[in-house]
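What follows is one structure encoded as structure tokens, with my remarks underneath.
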2 protein chains.
Amino acid sequence: MGTNCAACHHFRKTEWAALDDAGRDRMDRVRRKCHFLPGEPIYHEGDEPTGAYCVSSGLVGIRKVDAEGESVLLRLVRPGETFGFRSFITDEAHSVSAEALTECRICRLPQAAAQPMVEGCPGLVCKFFDHLARDMRETETKVLETVKAPSRLRFLRLLVAFGATGLDGPDVDDGNEQHFELPLSRQDIASMIGVRPESMSRMIRAVQEEGLARFRGRQVEIPDPERLEIESLGESTY
Amino acid sequence: MGTNCAACHHFRKTEWAALDDAGRDRMDRVRRKCHFLPGEPIYHEGDEPTGAYCVSSGLVGIRKVDAEGESVLLRLVRPGETFGFRSFITDEAHSVSAEALTECRICRLPQAAAQPMVEGCPGLVCKFFDHLARDMRETETKVLETVKAPSRLRFLRLLVAFGATGLDGPDVDDGNEQHFELPLSRQDIASMIGVRPESMSRMIRAVQEEGLARFRGRQVEIPDPERLEIESLGESTY
DNA sequence: GGCGGGTATTGATTCAGATCAATTTCTTCG
DNA sequence: CGAAGAAATTGATCTGAATCAATACCCGCC
């Protein structure tokens, strides 16, 4: 956690790795370390561009709200990942909001740095294009799932995904059993799946009674990850 | 419809407008005009990158299919718009499929041209980034709507959107009444809204009986566009 | 410790939309 | 033209998830 980004152990995995020396210098000079408490907003939908962000630690949620105040949690941003770069590059207002779901350490590259940064390094836009393309793929998949897969499957898939990536890789995986933290409130899980909290509760209980997973607070245990994965695929009896 | 793109009346609105003279030359040399009949596939999910496309005329549907063969129509591509550029730029397999919904004239820039094209003109990637960012915004909105808005509202919003953009702008709008073609099969409309065809039928009938719109085949008449728009917003009785 | 406010669970009921099944209407083509 | 097949409509029924309404739980704080 020195003063320069290149020393950050996330650095090589971020888009910033494409920067040349001049770019890295600029980066070190203008980026700002920030700290957010759980629930704190980072930016809101409609805000003018605020810059690009890079998560050092903690979990960030990307959310979208409609006219009636109903919201969905569109995706999560984990340590080592960047976010907010869409507005950063297109210089348009944020179309989604970002919020710290857990306590977070985050670096921010202010919007003022956007033009020089992007112009000074064409490769950077390509990297961010790749990132956006990946996000797009996942969002498209989400549309498809939301429409076609019953909420139970969506939930099981979320568990599988968390089992695979956890906050940073599987937490424990001894004797085939898996244990990890799902660092989200029930409401937030519900809003990722796209159901009401009441339905979420029932679903958690049902899944628990089926023996697919055990829930104690935010701790999750998967007795048989393989079985969970199979169940998460659906019942296509080919 | 000469042999060079710059002469195409869509040209200035496309991302290719960012090309320099050398790029335009290359473009003219390597792009290929294609023709598709209604229902013909242009590329499939999983296909290796096939290039970037530009619609001259007709309507293209971008679709995604899941393991069970269920599909959604994610978005439409109209004349003057480009598509397929994600694979073109990232050089990864297509993550969605494209299909001609009506008879189409389309220009294709083969994948082999991708690298030189992109390297020769950094501004191009920025343009495509903007395009992708816009698609992303719309897809995120779609997730939110799918989860929170009842299908009736989603349908009304689709009508409003078509009334506003039609195939190329409102077709007729005399004495406040509006008339346009919805160039999609009922099944395709259903798969845009995310409901079953049976439900679609019922919904069309219901909306018709409410007097919000009249349907004859693919022709749609909106007696009172303003009323439709208000209804499409939902019943938030503040 | 115990009080108060948010979060989560549980229960009873309702409802939108899916599903299953049967026609009807449109297309296409021999 | 008329038959065959696909697309669309209609009807009857079922079901997953929302809604409404209580209660239980958890946690910071006086």
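Chain naming here is simple, since letters A, B, ... match the order of the sequence lines and numbering starts at 1 in each. Computed from a predicted model, the values in this text were never measured in an experiment.
Within the structure, salt bridge (Lys or Arg N to Asp or Glu O under 4.0 Å) contacts touching residues 38-59 of chain B (residues at least two apart or in different chains) are E45(B)-K64(B). Applying the ring-ring contact (aromatic ring centres under 6.0 Å, His included) test to every pair with at least one member in residues 45-84 of chain B, sequence neighbours left out, gives these pairs: Y43(B)-Y53(B), Y53(B)-F83(B).
Under the 3.5 Å distance criterion, with hydrogens and angles disregarded, no donor-acceptor pair is assigned to the side chains of H44(A) and E99(A).
A heavy atom closer than 4.0 Å to some atom of DNA chain C occurs in P150(B), S151(B), these being the qualifying members of residues 145-159 of chain B. Heavy-atom distances under 4.0 Å link DNA chain C to E198(A), S201(A), R202(A), R205(A) of residues 196-217 of chain A, given in residue order.
With sequence neighbours excluded, the residues that form a side-chain hydrogen bond (donor to acceptor under 3.5 Å, both in side chains) with R214(B) are E221(B). With sequence neighbours left out, the ring-ring contact (aromatic ring centres under 6.0 Å, His included) criterion links F88(B) to no other residue. Every residue two or more places apart in sequence or in another chain that forms a side-chain contact (heavy atoms from CB on, under 4.5 Å) with T146(B) is listed here: T146(A), V147(A), K142(B). Applying the side-chain contact (heavy atoms from CB on, under 4.5 Å) test to E209(B) and every residue at least two apart in sequence or in another chain returns R205(B). With sequence neighbours left out, the side-chain contact (heavy atoms from CB on, under 4.5 Å) criterion links R32(B) to no other residue. Shown here are the ring-ring contact (aromatic ring centres under 6.0 Å, His included) partners of H10(B), two or more places apart in sequence or in another chain: there are none.
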* Indicate for each nucleotide in nucleotides 25-30 of chain C, in 5' to 3' sequence, whether protein heavy atoms under 4.0 Å reach the base (B), only the sugar-phosphate (S), or nothing (-). => ------
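Atom CD of E70(B) is separated from atom C1' of dT19(C) by 12 Å (rounded to the nearest Å). Between R186(A) atom CZ and dA8(C) atom P the separation is 7 Å, expressed in whole Å. Computed from coordinates, the I193(B) CD1 to dA8(D) P distance equals 14 Å when rounded to whole Å.
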Check: residues 193-200 of chain A side-chain donor-acceptor pairs under 3.5 Å, at least two apart:
{"from": "R196(A)", "atom 1": "NH2", "to": "E70(A)", "atom 2": "OE1", "distance (Å)": "3.3"}
{"from": "R196(A)", "atom 1": "NH2", "to": "E70(A)", "atom 2": "OE2", "distance (Å)": "2.8"}

